[in-house]
Trainee: 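Could you have a look at this structure, given as structure tokens, before my questions?
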Amino acid sequence: MDTPTPLFSLLCFFLFSLFLGEEQHVVEGSRVWTFGFRPNMLFVFGDSYADTGNNRKALASSWKLPYGITFPGKPAGRFSDGRVLTDFIAGYLGIKTPVPYRYRKELGGRLKYGLNFAYGGTGVFDTPAPEPNMTTQIDFLQQLLNDSVYSKRALKTSVALVSLAGNDYSNYIATNGSTAGFPAFIGRVVNQLKVNLKRIHNLGVRKIAASALQPLGCLPQSTAQFSFEQCNESENALVGLHNQLLAQAVNDLNKETNSSSFFVLDMYNAFWNVFNQKQAHQGDSHNPILSCFTCTTPLNMKYLGFFAVSPTFVNPFEPCCVGVSAAFSCGSVDENGVKQYTLCSNPKSKFFWDTVHPTEQGWRAVYSTPALQSSLKQFW
């Protein structure tokens, strides 16, 4: 291959800059940041959509086979066959996935990338999961600041992911919460989430992304009654109220702090982007970004993998791993150690891993959607 001339490289860089529509940026791998702010750390709070191994091994299905069979090849505490949302966002930011809080002492050298405080099954309020709720998770970061593990100055170059995937609402239903009282309870959940977001900001975190609620009525636990063919629209209507209140809370926080520190990750439309997708979109060799990476900047293939494929799924509502009956779930075994679940032949062909959580390929699809990519730009 001929070496590009300096003039040709300069022209590519100029076209690349025009395509971005921004004034002046530094580009490295998948990362684009404006001068003056480069995220160095990611702090994660929330639940199983973001947890990378905090839950206790004796209690969580995420530490049982077949969880983790795609990555890292064995159960490692992620509620999926492989990577989850946290991993993809860390890749987008160009930093290593922050280690789970439970391993902060064993892997102290990785604390410079941040920490993951998320615990599967938890919410802003207490749930049946015997793990720390979001308030306690934020207490953990506060204690690390008190112990000088981190400083407020260091946190000025950090960002946070706050995941709330619906455990508070599952608990409300399980404890016989009334239908009439549901909207008021949603208001309580969002109000507490608003308190949590502000507290994280007050600790010094620069940018905070709060995930919108995904369409809960489209999770396999809800679509099973329709043979995995359609969503429960009543549940999705309640999700719409949550997301509307969340957007308002984030706007209020930005006004109160006179900043743009808070924003919403559009998980709702990202999931729908995938559900409605008709065909896979492969990386386009004529894409201006990829073309100019080729001619002006060494491309970091580690990050390209997150952008190159936007997979589709024949039936996105049907999970890969399910219990053999309602009494069992993915990862269940009987008293003799015999498997009480069925597993699809290819997790990459499925959007959902179990009745609640996406596969790694499902998360890759969500990450690749216009809805999520547009949201992620607000980290800068």
Trainee: Please check this pair: side chain of N116 against backbone of P100, looking for a donor-acceptor N/O pair closer than 3.5 Å.
Mentor: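 No; judged by distance alone, with no hydrogens or angles, the pair does not exist.
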
Trainee: In terms of hydrophobic clusters joined by side-chain contacts under 4.5 Å, are L213 and F45 together?
Mentor: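 L213 clusters together with F45.
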
Trainee: Assess whether side-chain contact (heavy atoms from CB on, under 4.5 Å) is satisfied between M134 and V162, documenting all intermediate values.
Mentor: CA-CA 9 Å; M134 195 179 293; V162 179; 3.7 Å; yes

Trainee: Is the F117 ring parallel, tilted or perpendicular to the F43 ring (thresholds 30°, 60°)?
Mentor: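 Answer is parallel, since the angle falls under 30°.
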
Trainee: Regarding E360 and T70, do their side chains bring together a donor and an acceptor under 3.5 Å, going by distance alone?
Mentor: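 Side-chain D/A pair, E360 to T70: absent.
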
Trainee: Given side-chain contact (heavy atoms from CB on, under 4.5 Å), test E318 with F351 step by step and report yes or no.
Mentor: CA-CA 8 Å; E318 186 175 28; F351 177 80; over 6 Å; no

Trainee: Do S163 and D47 have side-chain atoms, one donor and one acceptor, less than 3.5 Å apart?
Mentor: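 Distance-only check passes for S163 and D47.
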
Trainee: Quick check against the 3.5 Å criterion: does N269 have a side-chain atom that pairs as donor or acceptor with the backbone of A371?
Mentor: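 The answer is no, because no donor-acceptor pair under 3.5 Å joins these two groups.
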
Trainee: Only one of Y268, F182, Y169 forms a ring-ring contact (aromatic ring centres under 6.0 Å, His included) with H242, so which one is it?
Mentor: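 Single pass found, and it is Y169.
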
Trainee: Assess the side chains of D87 and T97: does a donor N or O sit below 3.5 Å from an acceptor N or O?
Mentor: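 Present: a donor and an acceptor within the cut-off.
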
Trainee: Check the surroundings of atom CG in D334: do more than 12 heavy atoms from other residues, nucleotides or ligands lie under 6.0 Å from it?
Mentor: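 Yes, the 6.0 Å shell around CG holds more than 12 heavy atoms from other groups.
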
Trainee: Which word best sums up how the rings of F379 and F263 line up, parallel for under 30°, tilted for 30 to 60°, or perpendicular for over 60°?
Mentor: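 Perpendicular, since the angle between the ring planes exceeds 60°.
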
Trainee: Of all heavy-atom pairs between P75 and S62, which one has the smallest distance, and what is that distance?
Mentor: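 Shortest heavy-atom separation between P75 and S62 comes out as CB-O, 3.9 Å.
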
Trainee: Answer yes or no: is there a side-chain heavy-atom contact under 4.5 Å between T257 and H201?
Mentor: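 Yes, side chains in contact.
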
Trainee: Would you call the rings of F352 and F271 parallel, tilted or perpendicular, where under 30° means parallel and over 60° means perpendicular?
Mentor: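 Answer is tilted, since the angle falls between 30° and 60°.
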
Trainee: Considering residues at least two apart in sequence or located in another chain, which fulfil the salt bridge (charged side-chain N to carboxylate O under 4.0 Å, His left out) criterion with K194?
Mentor: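 Result, salt bridge (charged side-chain N to carboxylate O under 4.0 Å, His left out) vs K194: D252, E256.
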
Trainee: Between atom CG of L144 and atom OG of S151, what is the distance when rounded to the nearest 0.5 Å?
Mentor: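 Nearest 0.5 Å value for the CG-OG distance: 12.0 Å.
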
Trainee: Measuring only between side-chain heavy atoms, which start at C-beta, is Q373 closer than 4.5 Å to Y367?
Mentor: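 Q373 vs Y367: side chains touch.
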
Trainee: Side chains of Q137 and N133: is there a donor and an acceptor less than 3.5 Å apart?
Mentor: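 Checked: Q137/N133 side chains show no N/O donor-acceptor pair below 3.5 Å.
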
Trainee: Are V44 and P98 close enough that some pair of their side-chain heavy atoms sits under 4.5 Å apart?
Mentor: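 Yes. Closest side-chain heavy atoms under 4.5 Å.
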
Trainee: What's the verdict on disulfide (SG to SG under 2.5 Å) for C321 and C344, showing C-alpha distance, side-chain angles and the deciding distance?
Mentor: CA-CA 6 Å; C321 184; C344 68; over 6 Å; no

Trainee: Taking the side chain as everything from C-beta on, heavy atoms only, tell me whether V99 gets closer than 4.5 Å to R104.
Mentor: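 Of all side-chain heavy-atom pairs linking R104 with V99, none is under 4.5 Å.
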
Trainee: Under a 3.5 Å cutoff, is there a donor and acceptor pairing between the side chains of N273 and Q277?
Mentor: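 There is no such pair between these side chains.
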
Trainee: Do R78 and F71 make a side-chain contact, defined as non-hydrogen atoms from C-beta onward lying under 4.5 Å apart?
Mentor: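 Yes, side chains in contact.
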
Trainee: So how far is it from L42 CG to L115 CG, rounded to the nearest 0.5 Å?
Mentor: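 Spacing of CG (L42) from CG (L115) equals 10.0 Å.
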
Trainee: Do the rings of Y67 and W353 sit parallel, tilted or perpendicular, given the 30° and 60° boundaries?
Mentor: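 Y67 vs W353 ring planes: perpendicular.
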
Trainee: Q221 and V356: which non-hydrogen atoms are nearest, and at how many Å?
Mentor: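 Answer, listing the atom of Q221 first, then V356: OE1-CG2, 3.4 Å.
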
Trainee: Give a yes or no answer on whether the side chain of T223 reaches the backbone of F226 with a donor-acceptor pair at less than 3.5 Å.
Mentor: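 No; zero donor-acceptor contacts below 3.5 Å.
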
Trainee: Does the side chain of Q214 pick up a donor-acceptor pair with the side chain of Y49 at under 3.5 Å?
Mentor: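 Per modelled atom types, Q214 and Y49 side chains form a pair under 3.5 Å.
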
Trainee: Assigning hydrophobic clusters by single linkage (Ile, Leu, Val, Met, Phe, Trp, Tyr; side-chain heavy-atom cutoff under 4.5 Å), is V195 placed with V205?
Mentor: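 No, because V195 and V205 fall into different hydrophobic clusters, even though each may have its own neighbours under 4.5 Å.
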
Trainee: With clusters defined by side-chain heavy atoms of hydrophobic residues (ILVMFWY) lying less than 4.5 Å apart, directly or transitively, does F328 cluster with F228?
Mentor: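 Not linked; separate clusters.
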
Trainee: Are any side-chain N or O atoms of R102 and backbone N or O atoms of N55, one a donor and one an acceptor, separated by less than 3.5 Å?
Mentor: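 Checked: pair present.
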
Trainee: Measuring only between side-chain heavy atoms, which start at C-beta, is F125 closer than 4.5 Å to T135?
Mentor: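 No. Closest side-chain heavy atoms not under 4.5 Å.
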
Trainee: R110 side chain to L107 main-chain N or O, any donor-acceptor pair under 3.5 Å?
Mentor: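 Absent.
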
Trainee: Taking the six-membered ring of Y119 as reference, does the NZ or CZ atom of R56 fall below 6.0 Å from its centre and within a 45° cone about the axis?
Mentor: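 No, R56 does not lie over the aromatic ring of Y119.
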
Trainee: Within the distance-only criterion (no hydrogens, no angle test), does the side chain of S259 pair as donor or acceptor with the backbone N or O of S261 below 3.5 angstrom?
Mentor: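 Present.
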
Trainee: Between T136 and D139 (side chain of the first, backbone of the second, donor and acceptor by atom type, cut-off under 3.5 Å), is there such a pair?
Mentor: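 No, the answer is negative, given that no donor and acceptor are paired below the 3.5 Å cut-off.
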
Trainee: Is there a donor-acceptor pair under 3.5 Å between the side chain of N232 and the backbone N or O of S222?
Mentor: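 No; zero donor-acceptor contacts below 3.5 Å.
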
Trainee: Kindly say whether K64 contributes a backbone atom to a donor-acceptor pair with the side chain of K74 at under 3.5 angstrom?
Mentor: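 Judged by distance alone, no pair lies under 3.5 Å.
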
Trainee: For the side chain of S329 and the backbone of G323, is there at least one donor-acceptor N/O pair under 3.5 Å apart?
Mentor: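 No; zero donor-acceptor contacts below 3.5 Å.
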
Trainee: Would H357 and S48 count as having a side-chain donor-acceptor pair, cut-off 3.5 Å?
Mentor: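 There is such a pair (donor and acceptor under 3.5 Å, judged by atom type) between the side chains of H357 and S48.
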
Trainee: If you look at every heavy atom in V366 and V274, which pair is closest and at what distance?
Mentor: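 Shortest heavy-atom contact: N-CG2, 3.8 Å.
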
Trainee: Please step through side-chain hydrogen bond (donor to acceptor under 3.5 Å, both in side chains) for the pair N196 and Q192, ending with a clear verdict.
Mentor: CA-CA 6 Å; N196 294 346; Q192 181 59 49; 3.0 Å; yes

Trainee: Rounded at 0.5 Å granularity, tell me how far CG in N54 sits from CZ in F140.
Mentor: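 Output value for this atom pair is 8.5 Å.
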
Trainee: For T355 versus P319, what's the shortest heavy-atom pair and its separation?
Mentor: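 Of all heavy-atom pairs spanning T355 and P319, the closest is N-CB, 4.5 Å.
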
Trainee: Taking all heavy atoms of Y341 and all of G331, pick out the closest pair and write down the distance.
Mentor: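 Looks like CD2-N, 3.4 Å.
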
Trainee: Nearest 0.5 angstrom please: Q361 CD to N346 CG, how far?
Mentor: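 Between Q361 CD and N346 CG, I get 8.5 Å after rounding to 0.5 Å.
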
Trainee: Nearest 0.5 Å, please: how far is OG in S158 from CG in N40?
Mentor: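 One gets 9.0 Å once the value is rounded to the nearest 0.5 Å.
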
Trainee: Could you check whether R188 makes a cation-pi contact with F185, meaning its NZ or CZ is under 6.0 Å from the centre of the six-membered ring and within 45° of the ring axis?
Mentor: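 No, cation not above the ring by the 6.0 Å, 45° rule.
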
Trainee: Test S375 against D266 for side-chain hydrogen bond (donor to acceptor under 3.5 Å, both in side chains), laying out the working first.
Mentor: CA-CA 6 Å; S375 298; D266 191 1; 5.2 Å; no

Trainee: Does some side-chain heavy atom of V322 sit less than 4.5 Å from a side-chain heavy atom of D354?
Mentor: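 A side-chain contact is absent here, since even the closest heavy-atom pair is not under 4.5 Å.
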
Trainee: Checking side-chain polar atoms at under 3.5 Å, does N171 have a donor or acceptor matched by the opposite partner on T127?
Mentor: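 No, no side-chain donor-acceptor contact under 3.5 Å.
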
Trainee: Show the nearest heavy-atom pair for residues I186 and L245, with the distance to one decimal.
Mentor: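 Result for this residue pair: CG2-CD1, 4.0 Å.
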
Trainee: Any chance the SGs on C231 and C218 are under 2.5 Å from each other?
Mentor: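 Taking the criterion (SG atoms under 2.5 Å apart), C218 and C231 satisfy it, so yes.
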
Trainee: Would a hydrophobic clustering, with Ile, Leu, Val, Met, Phe, Trp and Tyr connected at side-chain separations under 4.5 Å, put I69 with W63?
Mentor: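 Hydrophobic grouping puts I69 apart from W63.
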
Trainee: Are V149 and L145 linked, directly or through other ILVMFWY residues, by side chains that come within less than 4.5 angstrom of each other?
Mentor: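 They do share one cluster, since a chain of ILVMFWY contacts under 4.5 Å joins V149 to L145.
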
Trainee: May I have the step-by-step check of side-chain contact (heavy atoms from CB on, under 4.5 Å) for L253 and K198, ending in yes or no?
Mentor: CA-CA 7 Å; L253 285 169; K198 188 172 183 178; 3.8 Å; yes

Trainee: Kindly indicate whether the side chain of L265, heavy atoms from C-beta on, has any atom under 4.5 Å from the side chain of L161.
Mentor: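 Yes - at least one pair of side-chain heavy atoms lies under 4.5 Å apart.
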
Trainee: Look up atom OG in S80 and atom CG in L85, then write down how far apart they are to the nearest 0.5 Å.
Mentor: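 Atom-to-atom, S80:OG and L85:CG are 11.0 Å apart.
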
